[in-house]
Amino acid sequence: MATVTFKGAQRWYAGADSPAVVGLDLEIGDGEFMVLVGPSGCGKSTTLRMLAGLEPVDAGSVFIGDRDVSLVPPKDRDIAMVFQNYALYPHMTVEDNMGFALRMAGMKRPERRRRVAEAARMLGLTDYLDRKPRALSGGQRQRVAMGRAIVRDPAVFCMDEPLSNLDAKMRVQTRADIAALQAELGTTTVYVTHDQVEAMTMGHRVAVMNEGALQQVDVPLGLYDRPANLFVAGFIGSPRMNLLPATVRDGRATLGGVEVPVPAAADGGGRAAVVLGVRPESFRLVPGDDAAALSLEVALVEELGADSFVHGHVRIGDERQLLIVRSGDRGSVRPGEVVRVRPDPARTHVFDAQTGARLD
Amino acid sequence: MRARTHGATVGGVMRGGWVSYTLVGLVTLVSVFPLYYTIVMASHTNAEMASGTPPVLPTLSIVDNVKKALDLAPLNQGLINSLIVSGAITVGTVTLCTLAGFAFAKLRFRGSAVLLAICVATMMVPLQMGVIPLYMMMARLGLAGHLQAVILPSLCTAFGVFFMRQYIAGAVPDELIEAAYMDGAGPFRVLVSIVVPAARPAMAVLAMLTFLTAWNDFFWPIIVLSTQNPTVQVSFQSLATGYAPQQSIIMAGTLYGTVPVLVVFALLGRQIVGGIMQGAVKG
């Protein structure tokens with residue numbers, strides 16, 4: 001087990017206009033489960049590959065514990081990796097796949113078999129040790145890939161979207177399994193995903209990346225409750241946060257005729273234009289005669305059983321804005337209706353319209 | 001019951017109809033005919049072959065003719081030499097081309113693209129251009145007249161490097177190699193444990209093609225080898241001596257020299273077809 005530290009780590013691919021990862025500073029604690037999340041091309045996989053030694057670090061450095069591993073080859077970093085497509089050796093049995101790293105380390109066969117058997121028991125693979133990967137289901141292959149990693153008892157686990165090839169049901173199950181396994185082993189884990197639900201449910205902390213830059217690192221609810229900028233606000237949460245243009249005057253933001261109190265920081269510096277962020281559950285449906293509310297023309301109602309999400313449009317200034325509102329009452333709203341919705345001022349986020357930074 | 005004239009799907013496999021079978025049968029007949037007529041010619045004299053109705057069936061005199069051919073030319077020595085030469089070239093080519101193909105396909109090093117381009121470009125240089133310098137080189141090395149002079153220049157081919165590079169690039173995902181690196185393997189262990197098992201069909205195809213090419217090579221061996229130490233193709237020329245060479249003896253000798261190639265094809269046939277099919281599917 002070890003800490004992982006990125007100090008100004010940068011990766012610039014040949015022929016690219018900008019770096020894939022820009023001066024990344026990130027500290028991951030011993031035994032921590034850190035999730036790197038972001039859209040495609042945000043640099044999260046490159047970051048993981050720099051840690052694994054599969055990509056060079058063009059500037060800055062990467063530490064595992066106190067050791068600078070920036071120039072250390074992958075095999076000497078004491079890292080195990082789970083790949084998106086599992087990368088199981090197709091000509092080897094499950095046992096040989098899981099024991100390959102131990103064989104490379106020169107471990108004797110009896111000890112190797114014991115370690116593989118123990119990992120197989122943890123993962124429920126004991127009955128499949130003699131099979132080749134092609135004779136396994138997707139979920140089983142995923143577990144073999146996990147087994148190959150844990151059998152080595154490495155300092156750090158690197159996982160590159162290991163659930164993306166599984167169906168939805170299996171993904172939810174495996175998500176819980178991986179989180180439980182990591183908690184049991186206590187091994188420092190860096191997990192890459194583009195799925196913010198995975199990030200929120202699995203990580204001790206989550207690092208959100210965009211265009212090669214780290215946007216925010218926090219515990220999952222910290223990201224949800226206090227997004228540092230517009231990107232994080234829009235990325236974390238499903239359905240996404242409603243981001244609406246507003247003007248600020250005298251400590252109040254005006255949103256389509258509705259006034260919302262804003263923090264003092266949002267009113268400073270002669271700033272007039274801001275973006276208000278309101279999550280779907282932070283709107284309330286109010287009676288039609290409530291003046292401090294927006295008129296929402298309902299276009300679609302998503303009934304999910306426990307919740308309903310109402311999609312519609314509101315008029316803000318001259319523009320029609322898409323709005324998503326959560327409604328607790330099943331069947332109370334129908335497409336084509338106009339309902340009144342009011343944002344909860346205590347749970348409204350304010351962002352700078354120019355820089356996108358959070359204001360409070 | 002109506003005869004099937006078109007293909008039908010049986011258990012998910014396309015079965016040909018009688019039209020397909022007839023066509024395939026005809027093509028097979030046309031392909032096999034030269035070999036068959038070699039056997040016929042090897043068992044009849046020049047006069048019999050030149051008669052009004054040429055014979056169409058072989059006779060047992062083929063055995064005598066093979067014996068005569070063996071008396072006339074050092075065919076057995078040629079066969080042994082050809083086996084040595086073709087075997088050594090095949091082992092060398094498959095080994096070196098797999099190594100180079102792996103390097104070009106999966107290792108990142110400066111100048112990789114330029115080196116591959118140069119390697120491929122050498123395929124455009126005709127063999128005849130290099131014959132004189134190559135002969136001089138072999139003579140200076142003291143290898144002229146020795147089998148090494150045939151083996152050395154053919155130990156690695158640009159075609160083989162390119163072929164293996166293309167196959168390995170497509171058949172072995174980068175993640176597999178990266179996983180092996182993470183597991184503690186170095187490049188050579190990755191090659192042996194991960195790449196070679198995946199590249200086996202391509203290696204079999206390359207081995208077969210290389211063996212056949214080396215076996216059938218005549219131009220360079222006849223330049224660099226003597227008739228005292230020939231390959232089988234070079235030894236055939238001793239059969240065609242005299243004012244009116246006996247075609248039956250030439251054909252009997254040729255047949256004798258062809259058998260090993262047929263054996264190789266029979267042994268590797270399935271692998272060859274498998275390799276070619278895989279290549280076709282992967283595009």
Side-chain angles (χ1 to χ4, degrees), chain A residues 13-15 45 48-56 72-93 96-107 112 132-134 141 144-149 151-152 154-162 165, chain B residues 12 94 98 101-117 164 167-205 207 270-271 274-275 277-279 281-282:
Chain A
Y13 288 111
S45 284
L48 189 78
R49 291 169 62 81
M50 282 198 291
L51 170 60
L54 298 172
E55 293 288 344
V72 176
K75 68 189 175 79
D76 298 327
R77 293 191 182 198
D78 197 14
I79 282 181
M81 187 149 168
V82 180
F83 291 83
Q84 185 174 1
N85 60 5
Y86 317 136
L88 301 180
Y89 310 126
H91 56 286
M92 293 186 196
T93 62
D96 290 342
N97 262 284
M98 288 170 68
F100 186 72
L102 304 180
R103 188 154 69 95
M104 289 300 101
M107 188 179 282
R112 211 163 69 211
K132 296 268 178 72
R134 65 171 173 272
R141 285 180 203 186
V144 175
M146 286 294 299
R148 192 168 64 176
V151 80
R152 290 175 51 189
V156 182
F157 284 139
C158 292
M159 302 192 189
D160 191 1
E161 308 211 21
N165 284 349
Chain B
V94 171
T98 304
F102 167 61
F104 281 128
K106 296 295 176 186
L107 300 184
R108 280 187 276 187
F109 57 95
R110 197 167 291 172
S112 154
V114 175
L115 280 174
L116 182 65
M164 290 310 297
Y167 190 88
I168 291 169
V172 188
D174 287 344
E175 288 87 352
L176 218 56
I177 289 173
E178 288 172 349
Y181 282 139
M182 299 295 301
D183 277 345
F188 189 72
R189 169 57 68 178
V190 168
L191 175 74
V192 173
S193 295
I194 310 298
V195 175
V196 166
R200 246 186 40 175
M203 290 166 75
V205 172
R270 289 178 71 87
Q271 290 258 25
M277 289 302 285
Q278 273 199 351
V281 170
K282 286 178 183 301

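Computation of the quantities below employed the complete heavy-atom set of this structure, encompassing side-chain atoms and omitting hydrogens, waters and symmetry-equivalent molecules. Lettering of chains follows the sequences in order, A, B, ..., and the numbering in each one begins at 1. Since the model is a prediction, treat every value here as computed from it, not as a measurement.
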* **Residue pair B/D183, A/R152: steps toward the salt bridge (charged side-chain N to carboxylate O under 4.0 Å, His left out) verdict** => CA-CA 9 Å; B/D183 277 345; A/R152 290 175 51 189; 3.7 Å; yes

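Proximity to chain B (any heavy atom under 4.5 Å) is shown, for A/R77, by neither the backbone nor the side chain. For chain B, no part of A/A105 is nearby; none of its heavy atoms comes within less than 4.5 Å.
Taking the side chain as every heavy atom from C-beta outward, A/F83 and B/E178 approach each other to under 4.5 Å. Side-chain atoms of B/M182 and A/K75, non-hydrogen and from C-beta on, never get closer than 4.5 Å to each other.
Although no hydrogens or angles enter the test, the distance criterion places no donor-acceptor pair under 3.5 Å between the side chain of A/Y89 and the main chain of B/S193.
Separating the CZ atom in B/R200 from the NE2 atom in A/H91 is a distance of 10.5 Å, to the nearest 0.5 Å.
Other residues, nucleotides and ligands place more than 12 heavy atoms under 6.0 Å from the CZ atom of B/F109.
For the pair B/L176 and A/L88, the tightest heavy-atom approach, listed with the atom from each and the gap, is CD1-O, 3.2 Å.
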